[in-house]
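This is a predicted model, so every value here is computed, not measured.
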Amino acid sequence: MHGGSQFKRLMQFLAVALFLGVAGHVHAEYGINFPEPATPSARDIYQIHMRTMTIATVLLIIVFAIVSYSLYAHRKSRGFTPDQNFHRGWFGRWSWVLVPLLVLGVDMTIAGSAEEVLKRLWLVPKDKDMMEVKITGHQWWWEYEYLDQGVRVESRYVPQEKAGSLYLRDVDNPLVLPINTKIRFLNTSADVNHSFWVPQLGFKKDAIAGYITETWAVIDKEGTYRGQCAQLCGTWHARMPIVVQAVTPEKFTAWVGAQKTRMAAAEAEAASGKVWSKEDLLEKGRDLYNKNCSACHQLDGKGLPPAFPPLMAGGGFPAGENMTKPLQERGFFKDGKIVVGPVPKHLDIVLNGIAGTPMQPWNQLNDLEIAAIVTYERNAFNNNTGDVIQPADVAKARGATAPAKSD
Amino acid sequence: MAMTFKLPALILAALIVFVLAEALYFLSKDHGDKDKTRVARALSVRVSLALILFLLLITGAFFGFIHPHGI
Amino acid sequence: MSQTPSNYFLPDPSPWPIVAVASVFSILFGAALAVNGLFPGGIFIVLGFALFSYLLFSWFGDVVRENMAGLYNERVDSSFRQGMIWFITSEVFFFLTFFGALWYLRNVSADWLTGKGYLAGTHEVLYNQFFSVWPRTGPGLKEEFTPMKAWGVPAFNTIVLLTSGATITWAHWGLKAENRKLLIRGLIATIFLGLLFVTLQAWEYQEAYQQLNLTLKSGVYGSTFYILTGFHGMHVTVGAIMLAAILGRSFKGHFTPENHFAFEAVAWYWHFVDVVWLGLFIFVYML
Amino acid sequence: MNHATIAHAHEGGHHGVPHGWRRWLFSTNHKDIGTMYLVVSLIMLFLGGGMAMLIRAELFMPGIQLLQPDVYNNLVTNHALIMVFGAVMPAAAGMANWMIPLMIGAPDMALPRMNNMSFWFLVAAALMLVISMVVPFLPGGGTPVNTGWTLYPPLSVQVGMSMDFLIFTVHLLGISSILASINIIVTILNCRAPGMGLMDMPIFCWSWLVTAFLLIVILPPFAGAVTMLLFDRHFGTSFFNAAGGGDPQLFQHLFWFFGHPEVYVLLLPSMGILGHIIPTFARKPLFGYQSTVGAMLAVGTIGLAVWAHHQYTTGLSLAAVTYFMIGTIVISIPVGLLVFNYIATMWRGAMTFETPMLFAIGIILMFSFGGLTGVMLATIPGDIQYHDSYFVVAHFHYALIPGALLGLYAGVFYWLPKWTGNMYDERLGKIFFWMVIIGFNLTFFPQHFLGLAGMPRRIIDYNPMFTEFNMISSIGSFIFGAAHLVFLYVIVKTVRGGARAGDQVWEGAKGLEWTLPSPPPFHTFTTPPQIKLAQSEA
């Protein structure tokens with residue numbers, strides 16, 4: 001960003017804004033109202049928004065007018081003598097009834113118009129054939145699971161160098177959805193509360209750790225819709241953009257097919273029993289670590305104490321007992337410092353997480369991915385243990401410790 | 001829980017809270033006037049009521065109207 | 001009692017308020033360090049409590065002296081009494097908060113976790129193996145525990161507190177009837193019963209931890225159980241300390257049938273704590 | 001309401017004025033304690049305002065220039081906490097301390113030592129808050145509190161030990177406010193001069209009576225909630241943890257049961273101040289005294305029952321949100337009545353426009369705007385879009401800056417001559433007013449558009465499409481901030497000297513406080529004045 005050019009844009013914009021007047025119409029470039037709705041519910045909301053805003057504006061104009069007149073007319077400098085009995089007249093005696101009745105009328109108009117739309121928004125239809133998408137918020141990325149199709153997508157923000165003007169509005173893998181299909185969204189979170197918000201789709205629901213909140217929508221226009229996480233979720237709250245790509249059902253089916261092929265290939269690779277070289281694992285591991293783990297444990301493995309421990313042997317971890325004790329029990333913490341513990345425990349932590357701490361289970365990753373990550377963690381950051389973990393080791397660990405998967 | 005048991009228990013509980021609040025009100029009004037014993041009287045009533053409630057709970061449990069957990 | 005002054009009593013500048021603040025600050029600062037396992041925390045807590053007790057003696061000593069000197073008129077007395085009402089109101093809302101949390105966890109969130117209500121999807125998608133009846137933990141905890149039985153120590157404790165309510169009432173009538181012996185005996189009995197209650201409560205906690213595996217970590221049942229009974233136990237302890245102070249003043253013959261706001265306030269407080277216990281007994285132990 | 005005549009007012013006191021540091025540290029005098037409250041709140045105002053300036057400087061352009069993300073989040077958190085608990089509430093409490101005894105003819109606050117204690121608890125809380133801000137910068141201090149003032153778990157469970165200091169800050173603030181509230185209620189109910197009934201009381205006392213009651217009811221749940229949070233953080237309980245059967249939403253309910261009425265705690269005292277300023281400068285009595293009192297009571301009671309409109313998007317059932325929507329919209333009735341009564345007081349008055357009156361007019365207009373966006377937010381379908389966007393930020397600043405902060409500024413200008421005995425500089429006062437109005441609107445009006453266009457709140461970095469409005473907003477905020485240097489200068493100048501103010505500072509002012517000299521002697525009304533209401537008022 002260059003300050004000079006920004007300032008020029010600002011000046012141009014100010015000129016335009018002055019010219020148009022502030023309460024004008026939707027102006028695409030500068031966005032002073034909702035972006036164009038893409039679902040029936042977003043359109044309903046838009047209408048209610050415009051209606052309440054109109055009522056509010058009218059009321060405000062009335063208030064301004066009355067006050068302005070009074071300021072002009074009832075001034076001492078114009079020689080106006082105060083009407084000491086004004087509050088004792090019929091108006092003074094009955095205004096406490098009249099004003100509330102008036103306000104009540106306005107209130108009921110507003111609430112009444114909202115009531116029906118509210119019902120439609122709130123009651124998720126119970127159709128059997130609805131498409132279901134589970135949205136899981138993570139610090140700081142989104143996970144989308146297409147429950148009917150068995151497809152899983154991870155969606156992360158794209159750094160400024162690559163995203164350009166779409167910085168913080170663009171992701172690597174968008175949420176692809178078919179149009180003209182009833183979709184039920186199941187929101188949840190793996191760590192702290194997040195909130196899924198794409199203004200053009202007309203719904204916003206918090207993703208609450210340990211609970212499922214439901215919403216639904218029918219997108220009726222093809223397009224790319226952008227939004228952001230709307231619930232403060234810690235350090236990189238600003239870096240949780242959302243991109244929804246609405247496509248025709250045919251294109252969607254094709255996309256699902258491609259995703260399945262991709263996943264099957266990865267799955268096959270992981271299960272092939274192939275023995276991987278340390279170099280390959282390290283290379284894969286670095287990518288996966290940077291993608292999955294670095295948000296908390298940092299790219300350099302130094303962590304963010306006291307919530308997120310360093311992964312670097314010898315790193316200090318000043319934190320409460322609730323954090324250090326589980327690590328100590330697993331052999332990863334000694335004398336106030338992080339040490340590299342035994343491999344099985346390492347796998348256990350990654351696969352099953354540590355209850356009561358922010359560390360979540362990562363068992364949705366496949367054996368190869370976990371093997372690569374653990375290999376990387378044990379050799380990077382000057383840990384240099386020389387350990388190489390193969391997918392088969394992970395498979396064994398998974399069988400030994402994983403609880404029965406609930407879904 | 002049988003309604004015949006629940007209702008008197010609820011009424012008693014409400015009465016206890018009411019008498020207790022009443023005692024507090026008297027406490028601020030009577031200024032420890034020698035002849036005024038409303039505070040002490042209200043508090044005595046409240047102890048008696050609490051005793052009755054407790055007995056009610058015991059009998060209720062004894063006759064199986066209520067099933068305390070963990071037994 | 002000497003003649004009532006016509007002017008509202010205005011105290012001279014007093015060091016005690018700021019000492020009180022310093023001591024509470026020290027306690028809380030120490031607590032913040034201590035929960036994070038930092039060593040000096042304990043020192044600050046102990047210092048804070050020491051300062052606090054010293055301050056209580058000094059401040060209430062001043063108040064007692066002023067009272068005995070007849071500096072307080074009816075209006076000052078009223079201020080104390082009304083102040084107490086509003087303090088109790090805040091206490092009531094404190095207890096209601098914890099009772100409210102218990103209600104919410106037992107009904108609202110329990111429904112969602114087990115597949116009822118508006119967030120029933122939680123059960124379907126995340127925990128379709130989780131079914132529960134109170135007392136329970138949650139879907140993510142595996143450790144078992146035995147809930148506290150209502151008819152053991154808790155029922156006995158109820159009797160203890162009820163009896164103490166009766167003894168404080170005896171003392172109350174004794175005071176009104178200028179029967180100092182009854183006043184003192186009643187107070188001693190009440191304090192004894194209060195201490196008995198706290199001791200039994202401590203023993204019950206120990207039982208819970210050692211025999212029943214019921215700990216703070218036992219999910220929402222453990223959490224609500226300990227926070228409610230613990231918060232109440234704290235109040236009983238404070239009440240017993242205040243009763244002891246009142247007993248000391250009774251020995252000195254401070255109270256007359258006309259002048260005994262301190263006694264009535266503490267007695268009422270004791271009844272209040274007792275009624276809260278009844279609520280606890282019903283909602284925490286029985287239902 | 002207050003055509004009071006004083007049959008017998010006796011000044012002077014039985015003790016002399018204490019000197020030196022003891023006078024302040026050990027004070028039992030409502031005027032001294034009031035002054036201390038006001039000074040502390042002024043310091044806090046600059047601290048919280050400085051944070052706002054840093055936030056706006058960071059948001060001036062997209063990209064991360066000045067602050068680390070967690071430091072930014074911490075500033076967002078502490079800006080809110082400091083402004084609410086450090087600036088607005090203490091200033092209102094300071095004015096209550098100064099004015100209520102003078103208005104009702106009481107010799108002092110009912111419980112003077114406790115009064116001092118509540119003030120010093122506030123200072124202790126401020127100290128604890130500063131510790132919680134500093135701790136993360138020490139080795140091993142952990143992450144700063146990056147949760148926003150709502151302190152929602154599970155995020156607040158992740159935070160480092162600074163969260164524990166913040167939890168205890170809340171406890172200290174709670175003790176301070178509860179004690180102060182008890183004192184104010186008892187003073188009002190028990191220490192009015194003979195002959196002054198509740199319905200003869202100045203409206204500022206009524207506003208504080210309702211406020212104090214609200215505080216006593218709402219602070220314990222907040223303190224209880226953070227206590228549970230402390231247990232969840234350190235002792236393994238599961239109140240807000242689904243794995244143990246708890247629910248993060250429980251905290252939100254408890255927080256907003258406090259947080260929503262808290263808004264009225266901030267608003268009501270300032271509304272009470274307006275109820276004095278407008279009649280004074282319109283030179284006619286308050287229109288609808290009874291209905292104003294009724295409206296305040298209604299705001300207080302209804303306000304206690306509508307908290308969950310802050311949680312529309314968290315997964316409440318249809319029945320719950322419908323109830324909370326209607327309840328919230330209904331609040332507009334008493335609030336509307338309040339604003340209406342003030343406008344009707346101006347109507348057919350003989351207005352002059354000294355600084356306090358200018359503020360009062362500005363407040364009525366801008367607060368109406370903030371109230372109307374409040375109705376928009378209360379309407380759930382709309383709220384689904386507005387929630388957690390910059391629209392909300394704009395809305396509550398439009399409600400709270402005019403509704404609370406500017407009302408206090410108005411009060412400062414209105415009463416400063418009474419407190420100090422010197423007139424403030426009217427020209428500087430007007431400069432301050434216009435800088436505030438321009439700066440404020442420039443800051444927050446564009447934020448409505450940002451929110452509608454889709455910018456979430458509490459983000460440190462944003463897409464370039466939001467740049468223009470953010471720049472305007474930042475420039476506005478710098479004007480708003482700079483205005484306060486003028487404010488400080490005016491205050492210091494007035495305290496140090498200026499034209500002498502008489503007893504009756506303002507031509508149209510009514511009430512006991514204006515019968516006293518400016519500044520009033522150390523002890524006032526040690527013998528209560530006899531109030532006789534003019535026949536026409538009875």
Relative to chain D, which segment of A/Gln139 carries a heavy atom at a distance below 4.5 Å: side chain, backbone, both, or neither?
side chain
Can we call the ring centroids of A/His87 and D/Tyr289 under 6.0 Å apart?
no
Considering all heavy atoms, the nearest D/Pro456-A/Gln228 contact:
CD-OE1, 3.3 Å
What part of D/Ala282 gets closer than 4.5 Å to chain A, counting heavy atoms only: side chain, backbone, both or neither?
backbone
Parallel, tilted or perpendicular: ring planes of A/His74 versus D/Trp347, cut at 30 and 60 degrees:
perpendicular
Verify side chain to side chain donor-acceptor pair (under 3.5 Å) between D/Ser332 and A/Asp107, making sure each step is shown before the conclusion.
CA-CA 8 Å; D/Ser332 64; A/Asp107 285 356; 2.7 Å; yes
Looking at every heavy atom in both D/Asn73 and A/Gly234, which two are closest together, and how far apart are they?
ND2-O, 3.2 Å
Check each atom of D/Pro153 against the heavy atoms of chain A and say whether the ones under 4.5 Å are side chain, backbone, both or neither.
backbone
Heavy-atom proximity to chain A below 4.5 Å, by part of D/Phe353
side chain
Rounding to 0.5 Å, atoms CG (A/Leu168) and CD1 (D/Ile459) come to a distance of 7.0 Å
A/Asn33 side chain to D/Ala453 main-chain N or O, any donor-acceptor pair under 3.5 Å?
no
Is A/Leu123 close to chain D through its backbone or its side chain, or both, or neither, when contacts mean heavy atoms under 4.5 Å?
side chain
Counting heavy-atom pairs under 4.5 Å with chain D, which one of A/Phe64, A/Trp96, A/Tyr211 comes out on top?
A/Tyr211
Go through A/Met53 and D/Met376 one step at a time and tell me if the side-chain contact (heavy atoms from CB on, under 4.5 Å) criterion holds.
CA-CA 7 Å; A/Met53 198 159 72; D/Met376 290 172 72; 3.8 Å; yes
Which bit of A/Ser95 comes within less than 4.5 Å of chain D, counting heavy atoms only: side chain, backbone, both or neither?
both
Under the side-chain contact (heavy atoms from CB on, under 4.5 Å) criterion, do D/Met351 and A/Ser70 qualify, and how do the steps go?
CA-CA 9 Å; D/Met351 282 186 271; A/Ser70 182; 3.4 Å; yes
With a 3.5 Å distance limit and no angle check, can you tell me whether A/Gln84 reaches the backbone of D/Arg283 through a side-chain donor-acceptor pair?
yes
Evaluate side-chain contact (heavy atoms from CB on, under 4.5 Å) for D/Leu155 paired with A/Asn193, printing each intermediate quantity in order.
CA-CA 7 Å; D/Leu155 185 56; A/Asn193 294 354; over 6 Å; no
What part of D/Met325 gets within 4.5 angstrom of chain A, counting heavy atoms only: side chain, backbone, both, or neither?
side chain
Tell me, side chain or backbone of D/Asp247 under 4.5 Å from chain A's heavy atoms, or both, or neither?
both
Just grab all the side-chain hydrogen bond (donor to acceptor under 3.5 Å, both in side chains) pairs involving residues 198-207 of chain A, residues at least two apart or on different chains.
A/Ser195-A/Asp206, A/Asp206-A/Gln231, A/Asp206-D/Thr313
Does any backbone or side-chain atom of D/Gln311 lie under 4.5 Å from a heavy atom of chain A? Answer side chain, backbone, both or neither.
neither
Who among D/Pro248, D/Gly148, D/Gly244, D/Gly451 has the most heavy-atom pairs with chain A under 4.5 Å?
D/Pro248
So, does A/Trp122 use its side chain to make a donor-acceptor pair with the main chain of D/Leu316 at under 3.5 Å?
yes
All heavy atoms of A/Leu60 vs all of D/Leu365, minimum pair found to be CD1-O, 4.4 Å
D/Ile331 versus chain A, the contacting section by heavy-atom distance below 4.5 Å:
neither
For D/Tyr152, is it the side chain, the backbone, both, or neither that has a heavy atom closer than 4.5 Å to a heavy atom of chain A?
side chain
Relative to chain D, which segment of A/Leu104 carries a heavy atom at a distance below 4.5 Å: side chain, backbone, both, or neither?
both
D/Phe391 versus chain A, heavy atoms under 4.5 Å apart: side chain, backbone, both or neither?
neither
Portion of D/Ser317 that has a non-hydrogen atom of chain A nearer than 4.5 angstrom
backbone
Bottom line for A/Ile48: the part with an atom under 4.5 Å from chain D's heavy atoms is side chain
Could you tell me which portion of A/Thr235 (side chain, backbone, both or neither) has an atom closer than 4.5 angstrom to a non-hydrogen atom of chain D?
both
Compare every heavy atom of A/Phe80 with every heavy atom of D/Gly349, then report the nearest pair and how far apart it is.
O-CD2, 3.1 Å
Is chain D contacted by the side chain of A/Arg239, its backbone, both, or neither, given a heavy-atom distance below 4.5 Å?
side chain
Hey, does the side chain of D/Asn463 reach the backbone of A/Tyr167 with a donor-acceptor pair shorter than 3.5 angstrom?
yes
Is it true that a side-chain atom of D/Gln385 and a backbone atom of A/Pro199 form a donor plus acceptor pair closer than 3.5 Å?
yes
Centroid-to-centroid, A/Phe91 to D/Phe340, below 6.0 Å?
yes
The interface call for D/Ala344 against chain A, heavy-atom contacts under 4.5 Å, is both
Among the listed options D/Phe281, D/Tyr386, D/Phe369, the residue most often paired with chain A at heavy-atom distances under 4.5 Å
D/Tyr386
Below 4.5 Å from any heavy atom of chain D, which atoms of A/Leu121 appear? Answer side chain, backbone, both or neither.
side chain
Rounded to the nearest 0.5 angstrom, the CH2-OG distance for A/Trp94 and D/Ser291 is 13.0 Å
Which residue out of A/Val103, A/Asp83, A/Ile212, A/Thr81 racks up the most heavy-atom pairs below 4.5 Å with chain D?
A/Asp83
With sequence neighbours left out, write down each residue that passes salt bridge (Lys or Arg N to Asp or Glu O under 4.0 Å) with A/Glu214, or none if nothing qualifies.
A/Lys126, A/Arg184
Does any backbone or side-chain atom of D/Thr314 lie under 4.5 Å from a heavy atom of chain A? Answer side chain, backbone, both or neither.
both
Does the side-chain contact (heavy atoms from CB on, under 4.5 Å) test come out yes or no for A/Val192 and D/Gln158, once each step is laid out?
CA-CA 9 Å; A/Val192 304; D/Gln158 274 185 6; 3.5 Å; yes
Which heavy atom in D/Ala242 sits nearest to a heavy atom in A/Ala209, and how many Å separate them?
CB-O, 3.9 Å
In terms of heavy-atom proximity below 4.5 Å to chain A, should D/Leu318 be classed as side chain, backbone, both, or neither?
both
One option among A/Ser41, A/Ser165, A/Gly316 has the most heavy-atom pairs under 4.5 Å with chain D, and it is A/Ser165
For A/Thr213, which atoms come within 4.5 Å of any heavy atom of chain D: side chain, backbone, both, or neither?
side chain
On a heavy-atom basis, which atom in D/Ser368 and which in A/Val63 lie closest, and how many Å separate them?
OG-CG1, 3.9 Å
